[in-house]
Amino acid sequence: MQNRRFYRIILAVASFVFAGLNAYQIIKGEYETMDVVLMVVFLAIGITYLFILFRKDKTE
C-alpha cells in the first residue's frame with residue numbers, strides 16, 4: 001500500500017484551519033448552532049488524523 005502520510009498531514013491542517021475559522025466566528029459573537037457543530041466536527045477529524053499520523057504500528 002502506498003504511503004498516504006502527506007495526504008493525511010494536508011487533511012489534518014485543513015481541518016484545524018476550518019475549525020479555527022468557526023472558532024473565530026464564535027469568539028466574535030456572530031455564530032449559529034451550525035458553526036458550533038462544524039467546529040466540533042472539524043476538531044474531531046483533525047484529532048483523528050493526528051492520531052493516525054503519530055500512532056505506533058505494532059509489529060508482531
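Along the sequence shown, residues carry numbers from 1.
Here the shortest heavy-atom pairing between Glu30 and Asp35 reads O-OD2, 4.2 Å. Heavy atoms only, all atoms of each residue included: Ala12 and Tyr49 are closest at CB-CB, 3.8 Å. Closest of all the heavy-atom pairs between Ala23 and Met39 is CB-SD, 3.6 Å.
Residues Tyr24 and Val13 do not share a hydrophobic cluster, clusters being chains of Ile/Leu/Val/Met/Phe/Trp/Tyr side chains in contact below 4.5 Å. Note: the hydrophobic cluster containing Leu11 also contains Val41 (ILVMFWY, side chain heavy atoms under 4.5 Å, direct or indirect links). Under the 4.5 Å side-chain heavy-atom criterion for grouping Ile, Leu, Val, Met, Phe, Trp and Tyr, Ile26 is connected to Phe16 within one hydrophobic cluster. In terms of hydrophobic clustering, with Ile, Leu, Val, Met, Phe, Trp and Tyr side chains grouped at heavy-atom distances under 4.5 Å, Met34 and Phe42 are assigned to a common cluster.
Note that CG of Leu38 and CD of Glu32 are 10.5 Å apart. Values are rounded to the nearest 0.5 Å. Between Asn22 atom CG and Leu43 atom CG the span is 9.0 Å, to the nearest 0.5 Å.
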